[in-house]
Amino acid sequence: MSNQYVIDLNKVSLGYGNHEVLKDIDLKIFEGEFLSIFGENGAGKTTLFKGILQLLPTRSGSIHILGKDVTNTKDKTWLRTQIGYVPQRHHASRFPISVFDAVLLGRWGTSFKYLKRPSKDDFEIVEEMLNLVKLDHMMHQDCRTLSGGQQQRLNIARALVRNPKILLLDEPNTHLDMTSRDQLDDTIYSARQKYNLSIVMISHDHVHAEEVSDRAVHLRMGQIYGERGA
């Protein structure tokens, strides 16, 4: 872990309409760091992710990603190449699609789109990520047959095929049993080590958050209440 910031929030306030959810958030995430953000429902955890991804306009303050000011940027293309995002609820498709093709879709808009077909490099990186998340033996299987834990590992593979430097995980362990949660933790650890990822994870479980991360930040009623760890 270096002393360079990959995410730097300075006095950031975010909200919806007249409702302010987050106020004057100061938060810095280091290169290679695994940071967990925990708190009760409604504390503003997912809103914080939306601000980092610029899916929600910043009311005040500034957001820098990898040294670049992205505060209220209109160009989201660069952000999508730098940040892999696994949302809280990402259900399997209702339509038949193979595990391989589902992960390949994560490359859409990078090297292929519309009339431009996927390249050999696209196929190779999909195979690499499926091997990383230990789903390579299921690449031709229908996504609808996957367990909850397998689906989450697929979602991580789909986020990583763009070769991002930052990975955002929104409650990745929700509704998983202990075995599936441990497998997912191992997958996240392996990805971090292999690709020197900076990871930010939202969690409602502060005990688990502290176990798997370098630092855990407590978000309460829209403000940082404290932190634990390094």
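Because the structure is predicted, anything quoted here is derived from the model rather than measured.
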Trainee: Which label fits Tyr225 and His218: parallel for a plane angle under 30°, tilted from 30 to 60°, or perpendicular past 60°?
Mentor: perpendicular
Trainee: What residues form a salt bridge (Lys or Arg N to Asp or Glu O under 4.0 Å) with Glu210, not counting sequence neighbours?
Mentor: Arg228
Trainee: Do Ser60 and Ser13 have side-chain N/O donor and acceptor atoms under 3.5 Å apart?
Mentor: yes
Trainee: What's the verdict on side-chain contact (heavy atoms from CB on, under 4.5 Å) for Leu35 and Phe30, showing C-alpha distance, side-chain angles and the deciding distance?
Mentor: CA-CA 9 Å; Leu35 175 77; Phe30 295 97; over 6 Å; no
Trainee: Are the side chains of Ile37 and Val200 in contact, using a 4.5 Å heavy-atom criterion?
Mentor: yes
Trainee: Could you state whether Leu167 and Ile29 fall into the same hydrophobic cluster, counting links through intermediate Ile, Leu, Val, Met, Phe, Trp or Tyr residues with side-chain heavy atoms under 4.5 angstrom apart?
Mentor: no
Trainee: As an exercise, state the distance from CD1 of Ile7 to CG of Leu66, rounded to the nearest 0.5 Å.
Mentor: 8.0 Å
Trainee: What is the distance from atom OG of Ser213 to atom CD1 of Ile199, rounded to the nearest 0.5 Å?
Mentor: 10.0 Å
Trainee: So Leu14 and Arg59, do their side chains get closer than 4.5 Å, heavy atoms only?
Mentor: no
Trainee: Please examine the side chains of Leu184 and Ile156, heavy atoms only from C-beta on, and report whether any two atoms are closer than 4.5 Å.
Mentor: yes
Trainee: Main chain of Ser98, side chain of Asp101: is a donor-acceptor contact present, judged purely on distance under 3.5 Å?
Mentor: no
Trainee: For Glu20 and Gly15, indicate whether the former's side chain and the latter's backbone hold a donor-acceptor pair under 3.5 Å.
Mentor: no
Trainee: So, are Asp24 and Lys11 salt-bridged, with charged N and O less than 4.0 Å apart?
Mentor: no
Trainee: Go through it in stages, so that I can follow the logic: the residues are Val217 and Ser36, the test is side-chain contact (heavy atoms from CB on, under 4.5 Å), and I'd like the CA-CA distance, side-chain angles, deciding distance and then a yes or no.
Mentor: CA-CA 6 Å; Val217 171; Ser36 289; over 6 Å; no
Trainee: I'd like to check Leu27 versus Asp8 (side-chain heavy atoms, cut-off strictly below 4.5 Å). Are they in contact?
Mentor: no
Trainee: Could you report the tightest heavy-atom contact between Lys76 and Leu53, atom names first, then the distance?
Mentor: CD-O, 4.3 Å
Trainee: So which atom in Ala43 and which in Leu219 form the shortest heavy-atom distance, rounded to 0.1 Å?
Mentor: CB-O, 3.4 Å
Trainee: Of all residues at least two apart in sequence or in a different chain, which pass the side chain to side chain contact (heavy atoms under 4.5 Å, CB included) check with Asn131?
Mentor: Asp136
Trainee: Quick one, Trp78 and Ile83 - any side-chain contact, counting heavy atoms below 4.5 Å?
Mentor: no
Trainee: Can you measure from OG1 (Thr187) to CG (Leu135) and round to the nearest 0.5 angstrom?
Mentor: 7.5 Å
Trainee: My understanding is that only one of Lys68, Arg162, Lys165 makes a side chain to side chain contact (heavy atoms under 4.5 Å, CB included) with Gln82; could you say which?
Mentor: Lys165
Trainee: Check whether the side chains of His64 and Asn10 place a donor and an acceptor atom closer than 3.5 Å, and report yes or no.
Mentor: no
Trainee: Within this structure, what is the OG1-CG distance for the pair Thr47 and Leu22, rounded to the nearest 0.5 Å?
Mentor: 5.5 Å
Trainee: Are side-chain heavy atoms of His208 and Asn173 found at a separation under 4.5 Å?
Mentor: yes
Trainee: Are a donor atom and an acceptor atom from the side chains of Asp142 and Thr145 found within less than 3.5 Å of each other?
Mentor: no
Trainee: Could you see if Val133 belongs to whatever hydrophobic cluster contains Ile188? Use Ile, Leu, Val, Met, Phe, Trp, Tyr and a side-chain cutoff under 4.5 Å.
Mentor: yes
Trainee: Locate the shortest heavy-atom distance separating Asp26 from Ile224; write the atom from each residue and the value.
Mentor: O-CD1, 3.2 Å
Trainee: Closest heavy-atom contact between Cys143 and Leu154?
Mentor: SG-CD1, 3.6 Å
Trainee: Of all the heavy-atom pairs spanning Asn72 and Gln54, show the shortest one and how long it is.
Mentor: N-OE1, 2.5 Å
Trainee: Should Phe38 and Leu9 be counted in the same cluster of Ile, Leu, Val, Met, Phe, Trp and Tyr side chains packed under 4.5 Å apart?
Mentor: no
Trainee: Is Leu169 reachable from Val103 through a run of I, L, V, M, F, W or Y residues, each pair having side-chain heavy atoms under 4.5 Å apart?
Mentor: yes
Trainee: Rounded to the nearest 0.5 Å, what separation is found between the OG atom of Ser203 and the CD atom of Glu211?
Mentor: 10.0 Å
Trainee: Would you check if the side chain of Arg158 reaches a backbone N or O of Leu105 as a donor-acceptor pair within less than 3.5 Å?
Mentor: no
Trainee: Does Glu40 come within less than 4.0 Å of Arg220, counting only side-chain N to carboxylate O?
Mentor: no
Trainee: Name the residue from Leu130, Val161, Asp122, Ile125 that meets the side chain to side chain contact (heavy atoms under 4.5 Å, CB included) definition with Leu104.
Mentor: Asp122
Trainee: Among side-chain atoms of Glu171 and His204, is any donor-acceptor pair under 3.5 angstrom?
Mentor: yes
Trainee: Is it true that, when you exclude Asn41 itself, more than 12 heavy atoms of the residues, nucleotides or ligands shown sit nearer than 6.0 Å to its CG?
Mentor: no
Trainee: Under 3.5 Å, side chain of Glu127 to main-chain N/O of Glu124, donor-acceptor pair present?
Mentor: no
Trainee: Nearest 0.5 Å, please: how far is CD in Glu128 from CG in Leu160?
Mentor: 9.5 Å
Trainee: Could you walk me through whether Arg192 and Asp214 satisfy the salt bridge (charged side-chain N to carboxylate O under 4.0 Å, His left out) test, starting with their C-alpha distance in whole Å, then the side-chain angles of each, then the deciding distance to 0.1 Å, before giving a yes or no?
Mentor: CA-CA 12 Å; Arg192 180 191 181 194; Asp214 302 314; 2.4 Å; yes
Trainee: Shortest non-hydrogen contact from Ile166 to Val6?
Mentor: CD1-O, 3.9 Å
Trainee: Look at the rings of Tyr85 and Phe49 and say which category their plane angle falls in: under 30° parallel, 30 to 60° tilted, over 60° perpendicular.
Mentor: perpendicular
Trainee: State, with a plain yes or no, whether a side-chain heavy atom of Phe34 is found less than 4.5 Å away from one of Arg215.
Mentor: no
Trainee: What I want to check is whether the side chains of Asp177 and Ser180 have a donor and an acceptor closer together than 3.5 Å.
Mentor: yes
Trainee: Using side chain to side chain donor-acceptor pair (under 3.5 Å), reason through Asn155 and Gln152 one step at a time and then give a plain yes or no.
Mentor: CA-CA 5 Å; Asn155 293 337; Gln152 278 295 68; 2.8 Å; yes
Trainee: Is there a path of hydrophobic side-chain contacts, each under 4.5 Å between heavy atoms of I/L/V/M/F/W/Y residues, joining Leu56 to Val70?
Mentor: yes
Trainee: If we only count heavy atoms from C-beta on, is the Phe123 to Arg107 side-chain gap below 4.5 Å?
Mentor: no
Trainee: I'd like to know if the side chain of Ser198 reaches the main chain of Gly32, judged simply by a donor and an acceptor atom lying under 3.5 Å from each other, with no hydrogens or angles considered.
Mentor: yes
